[in-house]
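To start, the structure itself, in structure tokens.
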Amino acid sequence: MIQYEPSKIEQKWQTRWYKSKAFEPSDDKNLPKQYILSMFPYPSGRIHMGHVRNYTISDAIARHYRQKGFNVLHPIGWDSFGMPAENAAIKHGLHPKKWTYENIDYMRKELASLGLSFSREREFATSDSLYTKFEQEFIIRMFEEGLLYEKKQRVNWCETCHTVLANEQVIDGRCWRCDNEVELREMPGFYIRITAYAQELLDDLKKLEKGWPKQVLTMQENWIGRSEGLSFTLLLSEESKRKTGDKFTGFDVFTTRPDTIYGVSYTALAPEHPIVNYLLENSLLTHEKRAAIKAMQNMPERERATADKEGVDLEISVIHPLTGKKIPVWVANFVLAGYGGGAVMAVPAHDQRDWEFAAKYNLPVHEVIASEQSDLAREAWTGEGTLTESAKFTGLSNSEAKEAIIRHFEALAIGKREINYKLRDWGISRQRYWGAPIPFIHCPSCGLVPEAIENLPVTLPDDVEITGEGNPLESHPTWKKTKCPRCHSDATRETDTMDTFVQSSWYFLRYCTPNDPERPFRREDVDYWMSVDQYVGGIEHAILHLLYARFFTKALRDLGYINVDEPFTNLLTQGMVLKDGAKMSKSKGNTVDPDAIIAKYGADTARLFILFAAPPQKELEWNDSAVEGAFKFIRRLVDRSAHVTERALPAITHASLSKEEKTARRKVYEALRKSNEIYENRSFAFNTVIAAAMEALNALNAQKNPLVWSEAYFVLLNLLEPVIPHVCWELSETLFERKNFGEITIPEEVFEADSIVLAVTVNGKKRDEIEVAPDLSKEEILEKAKEQCAKWLEEKTIVKEIYVPGKLVNLVVK
RNA sequence: GCGGACGUGGUGAAAUUGGUAUACACGCCAGACUUAGGAUCUGGUGCCGCAAGGCGUGGAGGUUCAAGUCCUCUCGUCCGCACCA
């Protein structure tokens with residue numbers, strides 16, 4: 001028996017690949033290309049099984065395309081800014097930079113031990129100052145084009161820790177670290193105007209329909225949340241105008257149900273609405289009412305969603321734009337400040353929220369859409385119907401009325417058709433040290449000024465102490481002190497750093513030109529490599545990262561940097577790795593350490609198991625004995641290679657072979673055909689290719705022909721190389737001097753059998769099988785089928801005979 | 001509530017897209033070799049039944065010569081969004 005020692009083979013090939021730069025793409029831009037990309041990792045310290053799965057999938061795809069003669073870019077890098085580095089600094093007293101770069105060095109070795117065919121020359125970390133430099137340049141260009149702006153925002157603030165907290169860091173209204181109650185605070189921050197691209201981001205989802213999972217497209221569509229309707233102004237009544245000091249004439253509302261306009265019985269403002277604030281500040285409400293409104297304002301938006309409907313009558317009124325009647329104005333906790341002007345027209349009869357609010361505060365309900373199924377005593381009627389009590393629109397169906405009423409408003413110039421999006425602008429400010437500094441300067445005379453391009457990058461100071469309390473850039477003695485690039489007077493640097501999603505929004509472009517110190521990338525390289533042909537990563541990035549990256553690509557296009565509309569043509573969202581039915585996690589203690597698996601069985605076994613146990617899109621349940629099974633298959637593959645006698649693809653006269661030999665040959669080429677198919681149709685169902693290869697090996701065992709064995713190894717090592725590369729390179733080198741890596745033609749004769757087996761079914765139920773010559777006539781086949789199934793045909797009349805060539809015969813009897 | 005994905009043996013999963021359901025693997029059972037086996041090899045393994053046979057892709061209907069696959073309804077699991085006017 002030939003020994004299979006994975007550690008020896010794997011080390012040998014990993015070293016050879018590294019030394020020979022085997023996986024660097026060619027500069028020849030005439031070659032057909034494939035850009036295969038996995039989502040880059042955060043350098044948390046050690047790789048986990050999710051990484052192994054992610055990179056094994058993309059590696060198999062990359063290796064396949066290399067064999068097919070493509071120029072393949074399969075890069076790796078590090079998403080290396082972020083909070084865990086600061087947390088480690090607080091906990092272990094390590095500098096975030098040291099911690100991060102040590103982790104990168106360790107994880108790079110771990111990934112190498114998997115035999116991944118990454119380009120080494122294009123690797124970078126997003127915390128490299130060169131990367132920061134170009135990113136800051138992009139941000140400044142966006143500012144110049146109005147795509148970046150500064151405004152005040154309400155944020156979660158922890159007074160004891162002296163920092164802003166992300167929503168995920170607020171647990172039951174308290175700080176995750178010190179347990180102090182979090183307060184909402186208005187703070188200035190930088191925002192990227194992603195909403196300017198809402199329509200294009202929505203429209204271009206169509207371009208991705210072929211290559212992206214439907215689920216992700218739907219999630220993005222919902223997130224962008226386009227809705228079409230009518231926007232108009234509700235004017236304050238004369239006495240209300242006076243009451244609010246003539247500061248306001250009215251407010252805008254947006255509705256998707258203009259057909260219900262005659263059913264408006266009150267209106268409601270968000271607690272943050274300027275009119276509400278005016279009433280509060282000028283003590284125009286009772287003490288109780290003011291307290292109630294303040295309580296609403298202090299409740300975070302996420303909590304309001306689950307809270308009961310609450311409101312306060314503001315004791316002012318507006319005029320209905322069509323009827324001229326007075327309508328009371330309330331403040332309500334369910335009205336969102338950031339959407340549709342922060343105010344709604346309320347139609348309790350035809351909107352469930354409005355109905356609940358009206359029920360609670362005893363407000364009138366006017367039915368204007370009639371339907372037999374409607375029961376307004378129980379709930380609002382939101383379905384179709386006919387308009388009633390709607391002046392000249394009475395009698396129209398509500399879908400006709402929508403259009404008619406919008407046109408009516410436009411004709412009178414008192415309202416207009418409007419499109420609203422749920423998508424909000426992207427707040428990128430983080431009061432954190434370990435991130436890319438936002439390259440702006442606050443000048444007492446010039447205001448907000450971008451840093452001069454020639455001064456970039458604005459880098460982080462190394463001499464900081466990370467305590468977790470406050471932003472170290474803020475407390476650093478000198479860092480933020482600078483000169484205004486415009487007037488050269490003393491000025492202060494912005495101390496916030498950028499959200500790490502900014503870095504991951506353009507890293508795929510940086511890979512196109514290997515580590516150019518002069519520019520972010522070369523235009524011609526991007527033109528050649530982009531878009532990414534296959535992107536592989538977790539479903540958890542379905543919205544944020546994938547939406548931001550799509551936006552960034554479009555924005556950089558419009559800034560003149562690139563000529564690409566969509567960054568990722570095809571997307572594969574891999575399933576999670578589970579153990580005992582739950583996601584592997586340290587806290588659950590159900591992790592399997594990739595290093596230990598590689599040490600015990602080798603990388604090829606780990607890769608084989610991961611690709612065989614489930615299709616890549618599905619969840620993968622870890623199974624120790626199935627890992628063992630994968631190892632045994634490789635060992636058997638190595639062992640049986642002793643049957644190979646030829647050093648090249650042998651010529652075989654198919655007709656001269658025995659039945660078993662023919663079957664073995666057929667199975668081998670079926671596996672090859674399957675392999676080609678899964679890449680072409682982008683299903684990447686490696687599990688079926690591996691199963692086909694196992695079937696072929698089983699069929700080979702039933703015969704002894706050395707030529708058949710030789711041919712089989714020539715083919716099987718070719719198609720298994722993407723999955724178990726080390727052992728395939730080893731065997732291929734020894735047996736065929738690697739001449740079998742490349743395109744292999746499938747001889748069609750192997751699929752032509754001497755005889756074929758047809759199923760015979762009676763009334764669709766399988767009763768027997770017949771073996772016939774492939775060229776036998778339909779009549780003879782039917783005759784034979786009837787003969788063999790005579791038992792089932794006794795005392796019956798055949799009413800129909802169906803013959804599906806190569807498949808079956810169906811006899812329909814009565 | 002809205003949207004999406006998915007329900008196939010004891011388990012992970014196949015099924016050329018309407019044509020022989022359960023390939024391949026794990027597990028289990030039996031046997032061979034062996035001092036031994038948690039190694040290796042061989043065979044068996046959907047369910048009920050002694051058998052003939054019957055029943056089987058979450059459930060109920062339907063279309064069809066033929067349905068895991070198409071249609072309608074329904075139950076269940078998972079995921080995303082969630083007071084978006």
Side-chain angles (χ1 to χ4, degrees), chain A residues 1 213-223 225-227 229-231 253-257 260 267-268 270 301-302 304-309 332-336 338-347 350-354 356-357 382 420-424 539-540 542-543 576 578 608-609 612-615 617-630 632-633 635-636 639 670 673-674 677 685 687-698 701 757-769 799-813:
Chain A
M1 186 158 178
K214 192 166 180 187
Q215 193 192 169
V216 177
L217 296 173
T218 312
M219 283 165 74
Q220 292 219 347
E221 193 183 325
N222 292 343
W223 189 264
R226 177 193 153 108
S227 57
L230 170 72
S231 130
V253 291
F254 171 72
T255 179
T256 54
R257 295 293 308 271
T260 65
T267 69
E301 228 168 65
R302 281 177 347 133
R304 286 187 212 177
T306 51
D308 284 341
K309 302 258 172 312
N333 63 346
F334 67 85
V335 181
L336 303 170
Y339 188 81
V344 293
M345 65 173 218
V347 185
H350 306 295
D351 181 289
Q352 189 55 26
R353 287 176 313 246
D354 298 347
E356 285 168 27
F357 192 82
T382 56
N420 261 304
Y421 301 91
K422 289 186 201 171
L423 185 70
R424 312 282 177 88
I539 185 81
E540 65 273 21
I543 294 176
M576 285 189 306
L578 311 179
L608 179 64
F609 166 74
F612 181 54
Q617 299 83 352
K618 271 190 98 164
E619 289 179 338
L620 180 142
E621 175 71 33
W622 191 264
N623 180 332
D624 287 326
S625 39
V627 176
E628 194 87 31
K632 285 177 191 169
F633 171 75
R635 196 170 56 187
R636 210 155 52 233
D639 182 52
E670 274 174 3
R673 198 163 61 176
K674 187 92 210 166
E677 198 181 292
N687 53 327
T688 63
V689 175
I690 296 162
M694 287 172 168
E695 264 187 83
L697 197 63
N698 291 345
N701 273 325
V757 176
L758 298 174
V760 183
T761 61
V762 179
N763 287 348
K765 215 162 258 180
K766 190 188 169 188
R767 292 306 183 185
D768 211 337
E769 282 178 351
V799 294
K800 202 165 185 180
E801 295 166 347
I802 285 151
Y803 167 55
V804 185
K807 303 275 186 198
L808 52 72
V809 171
N810 189 22
L811 302 170
V812 187
V813 301

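No hydrogens, no waters, no symmetry mates; every other heavy atom, side chains included, goes into these values. Letters go in sequence order (proteins before strands), and every chain restarts at 1.
- Taking 4.0 angstrom as the limit, A:R304 places none of its side-chain polar atoms (N or O) nearer than this to OP1 or OP2 of B:A82.
- Following rounding to the nearest Å, A:K765 (NZ) and B:G56 (P) show an atom-to-atom distance of 8 Å.
- Nucleic acid contact class of A:R673 (heavy atoms, under 4.0 Å, all strands): none.
- At a threshold of 4.0 angstrom between heavy atoms, the contacts of A:P615 are confined to the sugar-phosphate backbone, with no base atom among them.
- Among the atoms of the strands shown, none is found under 4.0 Å from any heavy atom of A:E621.
- Taking every side-chain heavy atom of A:A759 into account, B:U20 is the closest of B:U20, B:G19, B:C24.
- Across all strands, A:Y421 comes closer than 4.0 Å to no nucleic acid atom at all (heavy-atom distances).
- In this structure, A:V335 reaches the bases: a heavy-atom distance under 4.0 Å links it to at least one base atom across the strands shown.
- The listed nucleotides are B:A85, B:G3, B:C24; the one nearest the side chain of A:N222 is B:G3.
- Remark: A:K309 is not positioned above the aromatic ring of A:F357, lacking an NZ or CZ atom under 6.0 angstrom from the ring centre and at most 45 degrees off the axis.
- One finds no side-chain N or O of A:N687 lying less than 4.0 angstrom from the OP1 or OP2 phosphate oxygen of B:A25.
- Of the candidate nucleotides B:C83, B:A13, B:C65, B:C83 has the atom nearest to the side chain of A:K309.
- Dashed line: the shortest gap from a side-chain N or O of A:K800 to OP1 or OP2 of B:C65 is under 4.0 Å.
- Within the structure, every side-chain polar atom (N or O) of A:R635 is placed at least 4.0 Å from both OP1 and OP2 of B:A39.
- Residue A:V804 is classed as a base contact, given a heavy-atom separation below 4.0 Å to a base.
- B:G9 adopts a syn glycosidic conformation, its chi angle falling within 90° of 0.
- For A:V253 against A:M345, the heavy-atom pair with the smallest separation is CG1-N, 3.9 Å.
- Of all nucleotides listed (B:G4, B:C81, B:A23), B:C81 comes nearest to the side chain of A:W223.
- Using N1 to N3 plus N6-O4 or O6-N4 for Watson-Crick, or N1-O2 and O6-N3 for G-U wobble, each under 3.5 Å, B:C81 pairs with B:G1.
- A:K422 contributes no side-chain N or O that forms a donor-acceptor pair with the base of B:C81 under 3.5 Å.
- Pairing for B:G7 is with B:C75, a Watson-Crick or G-U wobble pair whose two hydrogen-bonding atom distances lie under 3.5 Å.
- Regarding A:M219, its CE atom lies at a distance of 10 Å from the P atom of B:A82, rounded to whole Å.
- Nucleotide B:U17 carries a syn base; the chi torsion (O4'-C1'-N9-C4 or O4'-C1'-N1-C2) is within 90° of 0.
- Backbone-only contact: A:S227 has heavy atoms under 4.0 Å from sugar-phosphate atoms and none from a base.
- Among the heavy atoms of the strands, none lies under 4.0 Å from A:E677.
- OP1 and OP2 of B:C78 both lie 4.0 Å or more from every side-chain N or O belonging to A:K618.
- Of all heavy-atom pairs between A:I539 and A:V216, the closest is CD1-CG2, 3.7 Å.
- Residue-level contact check: A:A307 touches the bases, meaning some heavy atom is under 4.0 Å from a base atom.
- A:E695 has its CD atom 11 Å from the C1' atom of B:A15, to the nearest Å.
- Between A:T688 and the phosphate of B:A23, there is no side-chain N or O to OP1/OP2 separation shorter than 4.0 Å.
- Contact detail for A:Q352 and A:T382: the closest heavy-atom pair is N-CG2, 4.3 Å.
- At a cut-off of 3.5 angstrom, counting only N and O atoms as typed in the model, there is a donor on one side and an acceptor on the other between the side-chain of A:K807 and the base of B:U16.
- Here the CZ-CE distance, from A:F612 to A:M694, works out to 4.0 Å after rounding to the nearest 0.5 Å.
- Put simply, CD1 on A:I802 and CG on A:L811 are 9.0 Å apart, with the number rounded to the nearest 0.5 Å.
- Residue A:N810 is classed as a base contact, given a heavy-atom separation below 4.0 Å to a base.
- Remark: B:G43 base-pairs with B:C29. Criterion, Watson-Crick or G-U wobble with two distances under 3.5 Å.
- No contact: A:V347 has no heavy atom under 4.0 Å from any strand.
- Nucleotide B:C50 forms no Watson-Crick or G-U wobble pair with any nucleotide shown, as no partner meets the under 3.5 Å limit on both distances.
- An OP1 or OP2 oxygen of B:U40 is reached within less than 4.0 angstrom by a side-chain nitrogen or oxygen of A:K632.
- For the pair A:I543 and A:Q220, the tightest heavy-atom approach, listed with the atom from each and the gap, is O-NE2, 3.9 Å.
- In this structure, A:N698 reaches the B:A25 phosphate: one of its side-chain N or O atoms is under 4.0 Å from OP1 or OP2.
- If you check every strand for non-hydrogen atoms under 4.0 Å, A:K214 touches sugar and phosphate atoms only.
- Using N1 to N3 plus N6-O4 or O6-N4 for Watson-Crick, or N1-O2 and O6-N3 for G-U wobble, each under 3.5 Å, B:U34 pairs with nothing.
- Taking atom CD on A:E221 and atom C1' on B:G4, their separation rounds to 11 Å, with Å as the unit.
- Distances from the side chain of A:I543 to the nucleotides B:C83, B:C24, B:G80 place B:G80 closest.
- Across all strands shown, the partner of B:G19 is B:C65, judged by Watson-Crick or G-U wobble contacts whose two distances both fall under 3.5 Å.
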